[in-house]
Amino acid sequence: MSRVPCGTGYSFPSTHATDHFAIAIFLGLVFYKRYKWVLPLLICWAALISLAQVYVGVHFPVDITTGAIYGSLAGWLFAYGFKVASAKYFPQEQL
């Protein structure tokens, strides 16, 4: 039984987990050099959002686990691409 009526069916993986982990990993890796505390905080934030999906009954744990892995990979790839592009086009900037 779902605590919150949303969506039209089942989804795998959880897009909430995918989106929030992608944002958390991307921002955490981009700002990690200057602010070391931001990566653990963002990962906790993404994990809480993901676990809330299980709590309200719209996802199973395997849905959010797969979404977290997929989102983390996407966030890492985009952060890597961002750093490579930044170093190429803005070599004077320190990220």
Would you mind writing out the side-chain donor-acceptor pairs for residues 66-75 within the sub-3.5 Å range, not counting sequence neighbours?
{"residue": "Thr66", "atom": "OG1", "partner": "Val62", "partner atom": "O", "Å": "2.8"}
{"residue": "Ser72", "atom": "OG", "partner": "Ala68", "partner atom": "O", "Å": "2.7"}

For Ile23, which residues count as a side-chain contact (heavy atoms from CB on, under 4.5 Å) partner, sequence neighbours excluded? Leu27, Trp45
Cluster companions of Ile64 among Ile, Leu, Val, Met, Phe, Trp, Tyr (side-chain spacing under 4.5 Å): Leu51, Val54
Among the clusters formed by ILVMFWY side chains lying less than 4.5 Å apart, do Tyr32 and Trp37 turn up in the same one? no
CG on Leu48 to CD on Gln53, rounded to 0.5 Å: 12.0 Å
Closest non-hydrogen atom pair, Asp63 against His59: OD2-ND1, 3.3 Å
For Lys88, is the NZ atom crowded, meaning more than 12 foreign heavy atoms sit under 6.0 Å from it? no
Over all heavy atoms of both residues, which pair between Leu42 and Gly28 is shortest? Give the atoms and the distance, please. CD1-N, 3.6 Å
Can you sort out the partners of Phe78 under side-chain contact (heavy atoms from CB on, under 4.5 Å), two or more places apart, ordered by chain and number? Phe26
Applying side chain to side chain donor-acceptor pair (under 3.5 Å), can you list everything that pairs with Asp19, at least two apart in sequence or on another chain? none
Under the side-chain contact (heavy atoms from CB on, under 4.5 Å) test, residues paired with Tyr80 that sit two or more places apart: Val84
Under a single-linkage definition using a 4.5 Å side-chain heavy-atom cutoff for Ile, Leu, Val, Met, Phe, Trp and Tyr, are Val30 and Phe21 assigned to the same hydrophobic cluster? no
Out of curiosity, Ile25 CD1 to Leu77 CG, how far, rounded to the nearest 0.5 Å? 11.5 Å
